[in-house]
Amino acid sequence: MLDIRLIRDRPDAVKRALATVGVREAEVDGLLALDVERRAAITRLETLKAERGQASKKIGALKDAAERDRAIAATRGLGDEISAAEAVVAAAEERFTARMLETPNLPHPDVPVGPDDSANVVVREVGTPRSFAFPPRPHWELGEALGIIDFERGAKISGSRFYVLKGDGARLQRALIGWMIDVHVRHHGYTEIYPPAMVRRECLVGTGNLPKFGDNLYRDVEDDLWFVPTAEVPVTNLYRDEILEPGTLPVKHVAYTPCFRREKMSAGRDVRGIKRGHQFDKVEMVKFVEPATSDAELAALLDDAEDVCRRLDLPHRVVQMCTGDLSFTAAMKFDVELWAPGCAEWLEVSSCSNFRDFQARRAGIRYRPAAQAKPELVHTLNGSGLALPRVVIGILETYQQADGSVVIPEPLRPYMSGVEVLRPR
RNA sequence: GGAGAGAUGGCCGAGUGGUCGAAGGCGCACGCCUGCUAAGCGUGUGUAGGGGUAACACUCUACCGAGGGUUCGAAUCCCUCUCUCUCCGCCA
């Protein structure tokens with residue numbers, strides 16, 4: 001959520017910035033109008049309440065019964081006026097908040113301006129895509145031949161976009177989870193979190209998934225519990241409505257969770273293989289930092305994500321999103337993409353974003369810069385570290401050999417009891 | 001799932017209709033005092049929103065788990081919900 005004060009004080013700057021992410025000027029004017037309406041209503045209500053407060057105070061001090069009764073009778077009408085004014089405030093507040101919650105974040109001034117993903121910028125490519133003496137096969141062929149991915153049974157028990165990992169396939173994914181968490185904990189200074197995978201609705205409002213993107217989420221209707229689409233949701237909300245004491249920032253967490261997404265927007269796309277499922281695993285990094293440091297923290301976060309690729313020796317590239325391709329909540333965002341030689345495409349395995357105070361304002365996450373100082377909103381950031389089945393794709397396709405076997409990258413071997421090669425059966 | 005108890009400021013804890021944003025204590029901050037330390041004394045110490053100011057000051061409103069109700073007036077009475085604790089049952 002944006003700071004309404006900023007919109008009030010510098011409406012033109014806000015309009016210009018929001019225009020680059022596709023928000024029309026009229027929307028900002030609408031916000032401003034709702035704000036004026038809301039404040040007028042509040043002022044009226046508070047005037048009435050102050051009046052009543054005075055009157056009640058006097059009544060309390062009155063000793064004479066008749067005088068008292070007269071004063072009470074005279075004040076009685078105020079109650080109805082206040083109820084009416086309260087209803088006006090509530091309605092104005094609701095209209096205002098609803099619009100505020102649906103307004104996207106302001107892009108960071110350094111973000112390249114552009115209409116859509118065609119204007120994204122490839123920042124760097126790391127490593128050289130391996131050249132093959134044979135036509136590299138896509139992971140769905142490799143996986144079936146190796147007996148480690150079972151698409152048919154996945155569809156049988158759960159429908160399309162579900163698959164079953166089996167044997168060393170399941171183990172490879174589990175090894176990656178454990179190893180990646182260890183990398184971030186041991187080498188990058190994150191603290192591991194095991195969060196709930198089902199959360200209350202407010203959490204999703206806090207991170208910005210609701211109210212706008214509810215149709216991508218799964219939900220238990222009976223208890224109104226929502227399945228997390230990413231660990232970002234529970235982990236960011238860990239400190240919802242809290243004030244972090246001086247000296248606690250930066251807070252750096254890494255968490256593994258399964259993630260659940262309806263993928264309605266991409267119906268019919270990427271249905272082949274395990275690239276895009278309704279359920280997938282992900283290791284996620286989340287940071288809470290002081291505002292002045294958040295740009296540097298984003299660079300560090302991105303490097304932490306890339307480090308996973310480096311350690312696995314997987315060629316990858318970093319792409320900066322232009323304004324038009326920024327997510328709703330992000331002020332700046334970089335994707336890390338792995339090259340998958342089998343399906344011949346770049347696979348997004350991480351999305352590293354700085355949300356600045358956008359989520360913090362929604363979720364009420366603040367910190368105290370110094371003892372006695374006034375609380376301020378933190379900046380939140382997060383990035384995948386990394387997204388799972390896609391790293392499995394990258395490994396299978398990159399390390400395949402002519403006979404269909406796949407070499408397991410060195411760092412993962414200890415996590416797989418020393419298995420070095422997966423062989424077709 | 002059944003029965004019961006509870007939720008007050010950073011913490012402990014008082015308050016059962018009026019002048020209570022809330023006694024007292026602890027903690028913390030600043031000042032004083034004191035060879036040092038400790039003790040002592042004094043002052044201060046929440047959050048959010050509105051108005052106001054160049055910025056302070058100042059002022060109003062809300063908040064005693066959440067929401068609703070009764071009342072001129074609610075931390076205090078009523079209803080609903082959430083969470084915590086205890087016991088029983090069940091379960092990984």
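The chains referred to below are lettered A, B, ... by the order of the sequence lines, with proteins before strands, and numbering in each begins at 1. When reading the values below, keep in mind they use all heavy atoms of this one structure, side chains included, and skip hydrogens, waters and symmetry mates.
- G51(B) atom C1' lies 14 Å from atom CG of Asp35(A), rounded to whole Å.
- Taking atom P in both C11(B) and C28(B), one finds a spacing of 15 Å when rounded to whole Å.
- Straight-line distance between the C1' atoms of A66(B) and A55(B): roughly 38 Å, to the nearest whole Å.
- For the P atoms, the distance linking A75(B) with G21(B) amounts to 8 Å, nearest Å.
- Taking atom P on both G68(B) and C58(B), the two are 32 Å apart, rounded to the nearest angstrom.
- When rounded to the nearest whole Å, the span between CG of Leu48(A) and P of C72(B) equals 16 Å.
- Atom CD of Glu245(A) is separated from atom C1' of U45(B) by 13 Å (rounded to the nearest Å).
- The pair Arg16(A)-Asp12(A) fails the salt-bridge criterion, with no side-chain N (NZ, NE, NH1 or NH2) lying under 4.0 Å from an Asp/Glu carboxylate O.
- Between the P atoms of U8(B) and A14(B), the separation comes to 11 Å (whole Å).
- The partner of C58(B) is G51(B), by the rule that a Watson-Crick or G-U pair needs both atom distances under 3.5 Å.
- Ion pair Arg161(A)/Glu263(A) not flagged as a salt bridge, since none of the NZ, NE, NH1 or NH2 atoms sits closer than 4.0 Å to an Asp/Glu carboxylate oxygen.
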message = Return a single string for nucleotides 56-66 of chain B, one symbol per nucleotide in 5' to 3' order, where B is base contact, S is sugar-phosphate-only contact and - is none, cutoff 4.0 angstrom on heavy atoms.
response = ----BBS----
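- For Arg39(A) and G51(B), the shortest distance from a side-chain N or O to OP1 or OP2 is below 4.0 Å.
- In this entry the distance linking CD1 of Ile42(A) with P of G51(B) reads 8 Å, nearest Å.
- To the nearest whole angstrom, the two C1' atoms, one in A5(B) and one in C56(B), are 50 Å apart.
- C63(B) and G46(B) make up a base pair, with Watson-Crick or G-U wobble contacts both under 3.5 Å.
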Protein-nucleic acid N or O pairs under 3.5 Å, nucleotides 18-23 of chain B:
unit_1	atom_1	unit_2	atom_2	d
G18(B)	O6	Arg68(A)	NH2	2.3
G18(B)	N2	Ser56(A)	O	3.0

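- Here the C1' atom of nucleotide G51(B) and the CZ atom of Arg38(A) are 13 Å apart, to the nearest Å.
- No contact: Arg44(A) has no heavy atom under 4.0 Å from any strand.
- The backbone N or O of Pro409(A) sits nowhere less than 3.5 Å from a side-chain atom of Asp313(A) that would complete a donor-acceptor pair.
- Using the six-membered ring where Trp is involved, His253(A) and Tyr239(A) have ring planes that are parallel, under 30° apart on the 30 and 60° scheme.
- If you check G18(B) for Watson-Crick or wobble pairing at under 3.5 angstrom, you find it paired to C72(B).
- Contacts of Arg8(A) with the nucleic acid, taken as non-hydrogen atoms under 4.0 Å apart, involve only primed sugar atoms and P, OP1 or OP2.
- Nucleotides A62(B) and G9(B), compared at atom C1', are 16 Å apart to the nearest Å.
- Within the 4.5 Å cutoff, the side chain of Cys309(A) has heavy atoms near those of the Leu338(A) side chain.
- Under 4.0 Å is where a charged nitrogen must lie from a carboxylate oxygen, and between Asp303(A) and Arg310(A) at least one such pair does.
- Side-chain contact between Val88(A) and Leu45(A): absent, with no pair of heavy atoms (C-beta onward) separated by less than 4.5 Å.
- Across all strands shown, G6(B) forms a Watson-Crick or G-U wobble pair with C83(B), both key distances being under 3.5 Å.
- When rounded to the nearest whole Å, the span between CG of Asp3(A) and P of A48(B) equals 12 Å.
- For the atom pair CZ of Phe151(A) and CZ of Arg272(A), the computed distance is 8.0 Å after rounding to the nearest 0.5 Å.
- Ring orientation note: the planes of His188(A) and His184(A) are tilted relative to one another, at an angle of 30° to 60°.
- Side-chain contact between His316(A) and Val349(A) is absent, with no heavy atoms from C-beta onward closer than 4.5 Å.
- Comparing G50(B), U82(B), U47(B) against the side chain of Arg200(A) picks out U82(B) as the nearest.
- Between Leu34(A) atom CG and G49(B) atom P there is a gap of 18 Å when expressed in whole angstrom units.
- Regarding contacts with the backbone of U47(B), a side-chain N or O of Arg368(A) is found under 4.0 angstrom from either OP1 or OP2.
- Residues in residues 173-195 of chain A take part in no salt bridge (charged side-chain N to carboxylate O under 4.0 Å, His left out) pair, two or more places apart or across chains.
- Across all strands shown, C91(B) remains unpaired; no Watson-Crick or G-U wobble contact has both distances below 3.5 Å.
- Under the 4.5 Å side-chain criterion, counting only non-hydrogen atoms from C-beta, Ile149(A) is not in contact with Trp140(A).
- The nucleotide G31(B) finds its pairing partner in C41(B), both defining distances of the Watson-Crick or G-U wobble pair being shorter than 3.5 Å.
- Looking at heavy-atom distances under 4.0 Å, Arg70(A) makes no contact with the nucleic acid at all.
- Close to A48(B), at under 4.0 Å from its OP1 or OP2, lies a side-chain N or O of Arg366(A).
- Nearest-nucleotide mapping onto RNA chain B: of Ile4(A) and Ile243(A), the residue sitting toward the 5' end is Ile243(A).
- Separating the CD1 atom of Ile365(A) from the C1' atom of U47(B) is a distance of 17 Å, rounded to the nearest angstrom.
- C30(B) and A38(B): their P atoms are spaced 14 Å apart (whole Å).
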